[in-house]
Amino acid sequence: GLCGSESPLARADAIFKVTMIPGDGVGPELMTAVKDVFKAGDIPVEFEEFHLSEVQHMASEDKLDHVLSSMRNNKVAIKGKIHTPMEYKGELASYEMKLRRKLDLFANVVHVNSLPGYSTRHNNLDLVIIREQTEGEYSSLEHESVPGVIECLKIITRDKSRRIAKFAFDYATKKGRSKVTAVHKANIMKLADGLFLQSCAEVAQLYPKIKYENIIIDNCCMQLVQNPYQFDVLVMPNLYGNIIDNLAAGLVGGAGVVPGESYSAEYAVFETGARHPFAQAVGRNIANPTAMLLSSANMLKHLNVLVLMVVCGCMYVYLCTPQVRTRDLGGYSTTGDFVHAVVENLRHRPAH
């Protein structure tokens, strides 16, 4: 009995249930990669799969409810991007947003880390972008006040601003990071971004060991491109976070290599850091599964399952076998080749 309680790792016979939402574009192919690697690694996870898609007319409130009840049971999900069509059909909130709101997934975390063995303009990058993703510009509150005039409401609240700030400082504390930078445009949006900034500053005072700074969003973009090493943890409202996530992912190799995750007080959703359906790649076997595989490894870490295997599998491929790089990183390998290389590496590792 005692040895069980000492070990933080789950017992080998425990099977974890995880909700899987493959999404659109290459999502289903990336999920196949995850399933293949988990199978090869004999990983004790069972997926409950739900195909939720607006563009393939596979989305309904009913379907969303099924996903939500699966999430409420499992508490953990892995998902692809649910593509949102541009045209307006009487409903402003996308299914992606509905899912976020219903589960209150307020914090999006993207850890931008250079891949060992793959060199870009800036190497050895290690920064974290924390984004509020339930309010701000994505409030889905738009209307035509008079013909030809649209009002689009950006909502900033003290509660949600303080909550994301606290999340960022707690994250920094837990991960041993030394600085949090709030990103804003309070010089122009004096009240809205002013409130966000004030909330961050108030929360910062409760964490004297962590350095607190703030930076205006436009300057932040320039600094990220010129000298990203000055940043550690960045915290920001919704739209800025969406843009910075993608900019920062581009610094280390793009949408195919950066994992991301979203948290509420009780749920965790693992996804890619830059959310792109990459529809033009569907069925061509060229999508880079790294981001989703690393995300699945983060999911295992969250579940306390021995996780090193998957991460090592991925990293080994970059370090030791650069010839298995996918097209987005200048290689010729297919999605399948890459997964095969990871799987082979898992099979030939000595048992723990």
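All values derive from a computational prediction rather than experimental measurement. Hydrogens, waters and symmetry mates play no part in the numbers below; they use all other heavy atoms, side chains included.
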Paired with Asn288, the side-chain contact (heavy atoms from CB on, under 4.5 Å) test is passed by just one of Leu30, Thr335, Val257, Leu293, namely Val257
**Message:** Assess whether a salt bridge exists between Arg162 and Glu202, defined as any Lys/Arg side-chain N lying under 4.0 Å from an Asp/Glu carboxylate O.
**Reply:** yes
- Would you call Asp159-Arg163 a salt bridge at under 4.0 Å N-O? no
Any donor-acceptor pair under 3.5 Å linking the side-chain atoms of His122 with those of Asn227?
no
Next on the checklist: For Lys102, is there an ion pair with Asp65 - N to carboxylate O distance below 4.0 angstrom?
Outcome noted: no
Original post:
Using 4.0 Å as the upper bound for N to carboxylate O, is an ion pair formed by Lys89 and Glu87?
Top reply: yes
Item checked: Criterion ring-ring contact (aromatic ring centres under 6.0 Å, His included) on Phe270 and His302, from CA distance to verdict -> CA-CA 10 Å; Phe270 295 85; His302 177 81; 5.6 Å; yes
Should the pair Arg101-Glu96 be classified as a salt bridge under the 4.0 Å nitrogen-to-oxygen rule?
no
Asn108-Ser262 side chain donor-acceptor pair, cut-off 3.5 Å: yes
Task: Asp337 and Thr334 side chains, donor-acceptor separation under 3.5 Å - done: yes
Lys/Arg N to Asp/Glu carboxylate O, Glu266 vs Lys75, below 4.0 Å: yes
Residue set satisfying side chain to side chain contact (heavy atoms under 4.5 Å, CB included) with Gln56, at least two apart, ordered chain then number -> Asp24, Ser53, Met58
In this structure, CG of Asp232 is separated from NZ of Lys175 (nearest 0.5 Å) by 12.5 Å
The residue among Phe231, Tyr207, Phe169, Tyr171 that forms side-chain contact (heavy atoms from CB on, under 4.5 Å) with Val180 is Phe169
